[in-house]
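Before any comments, here is the structure.
Remember, predicted model here, so these are calculated numbers, not experimental data. In what follows, chains are A, B, ... by sequence order, proteins preceding strands, each numbered from 1.
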Amino acid sequence: MSKSVLTPQADDFPRWYQEVLAKAEMAENGPGRGTMIIRPWGYGIWELVQRAMDDLIKATGHSNAYFPLFIPYNFLQREAAHVEGFSPELAVVTIGGGEELAEPLVVRPTSETVIGDAMSRWIQSYRDLPLLLNQWANVVRWELRPRLFLRTTEFLWQEGHTAHTSWDDAQAETMRILDEVYFAVIDGVLGVPVIRGRKTDRERFAGARVTYTLEGLMRDGKALQMGTSHNMGTNFAKAFDISYQSEGGTEELANTTSWGVSTRVVGGVVMAHGDDRGLRLPPLVSPVQVVVLAVKPEALDACRRLTDDIAATGVRVKLDDRTDTSFGRRAVEWELKGVPVRIELGPRDVEQGQAVVVRRDVDGKQPTPLEGFAAGMPSMLEDVQRSLYDQAVARRNEMTADVDSADAIDGPGFFRIGWDALGREDGEAKLAERAYSVRCLVKSDGSVPAPDDSDDLIAYVAKAY
RNA sequence: CGGGGCGUAGCGCAGUCCGGUAGCGCACCGGCUUUGGGAGCCGGGGGCCGCGGGUUCGAAUCCCGCCGCCCCGACCA
């Protein structure tokens, strides 16, 4: 070990975050305010998130579609709470082709309105329901304080929009997404443990009847909202006339839902797993899962064979054959990028019939016989995946405290406090003055509260990104 | 938008107080020697000193205005 590569997390976490994004070639600021250039390494992670999520979205019966980037301004105004919530952060196009537009177009901050408008035409009968749609898109929100991945003016996401015959069906959908899609991906693929819960009225999505969330805890003890799932009830159906004729012949309003996960989760992976030497990527979202580092040119043939053998097991493996670049430089580079497993193979190893395995989730190096080596890679990657997850869980638990008074809420991490002991909305408002927020409410047994559950609630409180 | 800090080579910075025609480290290019934890030596290339105006013989430096970025808040996926 020589000079340190990054500002240590403990010294200045935001600085560490920016440095690691730059040095791992993840992303950088775009030329326009608050915009982001996602470089191949960062985009590769997002693509893996997308693939995992898209598979589950489809497995739960949804179809992808695409709706316009530009939305007539008046659409936003049709749902009172929605327009109130989003107006401050809208980008509005007033000039097109050199002419002032008769009606301004907003660049979508989210697509409930355009999709609601389409749904009103597509849905006539109860037989048209449920209508289960999703789109992968970019959206724009004029945020006051952008941060790469966590809050950028333009960001990429998926947004699901569904319509149902009843409140109960919509509620079941809202929960299905929360559990079977979002939790499955964020917890199971990104390896970020999250608390699932209900948002307070104060934190609820603009226009929703109830909002559910998944809250992760980053290594600096701040929370990150990693996804949300909303039940709109009939709010948007009323605003956009999404109605259908029931089996009994009556005219009924549909109940709609919406739910989204964005490129923010990439920032979450960085901040939940990364250490002072760089990223630590869970194998399931690492563009390269195993890198074979040829120590010297004489070992290249053996490295090629090993790389091919590993590739044959279905692992994403890359050969680093840049033997004109020093060993140390290359080792540091792969550590920064967070590749889960690095294999160092040099002439000495070849001679001894071994390779040196370096796992990013633990310290130390492990000489391993080349015989049967490749076959062991998939299970080693599973180990790394589990180990990073376990470390994140342990860390989250260490940083979670039960308190019985709002006065005891101070410092990093989650604070669990009875919703009544906090003082409900009044207590929540007081916390806000100190930059703390109620991230979500859960039942005392840890389960997710129903929309109208108002007793037996525990608040998870933290500072948040 | 409130509080604080900063804009000088791709990145990180010195120079600004006290005006004299731009420098350091890393990165980059070429050559040789190297390569098992960010290699060494030699030789190179690269700058509207954030932008606009003013003062001056002369401005990175002084004055005025503007813009942008970062950190801490309010807002949020």
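- Residue R147(A) is in sugar-phosphate contact alone, with no base atom involved, counting any heavy-atom pair closer than 4.0 Å across all strands shown.
- OP1 or OP2 of A27(B) lies within a sub-4.0 Å distance of a side-chain N or O belonging to R329(A).
- The stretch residues 348-358 of chain A touches RNA chain B through R348(A), D349(A), V356(A), each having a heavy atom within less than 4.0 Å of the strand.
- Separating the C1' atom of U56(B) from that of U61(B) is a span of 13 Å, rounded to the nearest Å.
- Here the separation of A60(B) from U33(B), taken at their C1' atoms, is 41 Å to the nearest Å.
- Proximity note for K23(A) (side chain, C-beta onward) versus G38(B), G37(B), C75(B): the nearest is G38(B).
- Separating the P atom of G30(B) from that of A9(B) is a span of 24 Å, rounded to the nearest Å.
- Nucleotides G47(B) and C24(B), compared at atom P, are 16 Å apart to the nearest Å.
- Remark: ring of W157(A) does not overlap the six-membered base ring of A77(B) in a stacked fashion, as centroids less than 5.5 Å apart with planes less than 30° apart are not both met.
- Two residues, H230(A) and P297(A), neighbour RNA chain B, and the one matched to the more 5' nucleotide by heavy-atom proximity is P297(A).
- Contacts of T323(A) with the nucleic acid, taken as non-hydrogen atoms under 4.0 Å apart, include base atoms.
- Nucleic acid contact for S229(A): none, since no nucleic acid atom lies under 4.0 Å from a heavy atom of the residue.
- Distances shorter than 4.0 Å separate some side-chain N or O of S326(A) from OP1 or OP2 on A39(B).
- A salt bridge links K58(A) to D54(A): one of the charged nitrogens lies within less than 4.0 Å of a carboxylate oxygen.
- Side-chain nitrogen and oxygen atoms of Q18(A) include none within less than 4.0 Å of the OP1 or OP2 phosphate oxygen of C69(B).
- Comment: R348(A) does not engage E298(A) in a salt bridge, judged by the lack of any side-chain N to carboxylate O separation of less than 4.0 angstrom.
- With distances taken from any side-chain atom of K365(A) to the nucleotides G37(B), G73(B), C76(B), the minimum falls on G37(B).
- Note on G227(A): only backbone sugar-phosphate atoms sit closer than 4.0 angstrom, heavy atoms only; bases stay farther off.
- Note on P347(A): a base of the nucleic acid sits closer than 4.0 angstrom, heavy atoms only.
- Take the nearest nucleotide of RNA chain B for A432(A) and for R330(A): the residue whose nucleotide is more 5' is R330(A).
- Residue N29(A) places no side-chain N or O under 4.0 Å from the OP1 or OP2 atom of G68(B).
- Counting non-hydrogen atoms under 4.0 angstrom, T110(A) reaches nothing in the nucleic acid.
- Taking the side chain of K296(A) as heavy atoms from C-beta on, and the options A77(B), G37(B), U35(B), the nearest nucleotide is U35(B).
- Using a 4.0 Å heavy-atom cutoff across all strands shown, G346(A) reaches at least one base atom of the nucleic acid.
- At the heavy-atom level, E143(A) lies under 4.0 Å from base atoms of the strands shown.
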